[in-house]
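Values below: every heavy atom of this structure, side chains too, minus hydrogens, waters and symmetry copies.
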Amino acid sequence: MAEGSVTTLTSEIKSFAAGHGGAKAVIEYVGKRGARIVLVGEDGEWSDQFAPDTGVAREACDSAGVQVENEWERELLEQMRPSNDLWRSMSRRSMAR
């Protein structure tokens, strides 16, 4: 299975959803890199995957049975629980002028 293929992504998305009581996804276009699939588990944990384009990302989510949200809704953001490591890494960043 090639990295970024529908089969690989579907497997990884199913695995995440199964380990976190289900999941929802938001797909973000990131230019030449393709598309970022942000998965938010029902338990608040989150993860991301990269796909070659938004079509592949949608197909993988559909195949995995994960609902794709059209945008970042407040309820979905409130459900996310950033890890302590993420909070620490964000606190070390400085604003560029």
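- Between Cys61 and Ile37, the shortest heavy-atom distance links the atoms SG-CG2, 3.8 Å.
- Counting heavy atoms from C-beta outward, Leu39 and Asp48 have side chains that stay 4.5 Å or more apart.
- You'll find the side chain of Leu9 reaches within 4.5 Å of the side chain of Val56, heavy atoms only.
- The two atoms that bring Lys14 and Ser63 nearest to each other are CE-O, 3.6 Å, heavy atoms only.
- Taking CD from Glu28 and CZ from Arg36, the interatomic distance works out to 5.5 Å, rounded to the nearest 0.5 Å.
- Between the CD atom in Glu45 and the NE2 atom in His20 there is a gap of 6.0 Å [rounded to 0.5 Å].
- Using modelled atom types and a 3.5 Å distance limit, the side chains of Thr10 and Thr7 yield no donor-acceptor pair.
- A pairwise comparison of heavy atoms in Gly41 and Phe16 identifies N-CE2, 3.6 Å as the closest pair.
- When all heavy atoms of Phe50 and Val30 are compared, the closest pair comes out as CE2-CG2, 4.1 Å.
- A distance of 9.5 Å separates CD in Glu59 from CG in Asp53, rounded to the nearest 0.5 Å.
- Ser15 contributes no side-chain N or O that, together with a main-chain N or O of Ser11, makes up a donor-acceptor pair within less than 3.5 Å.
- Counting heavy atoms from C-beta on, the side chains of Ile27 and Arg58 come closer than 4.5 Å.
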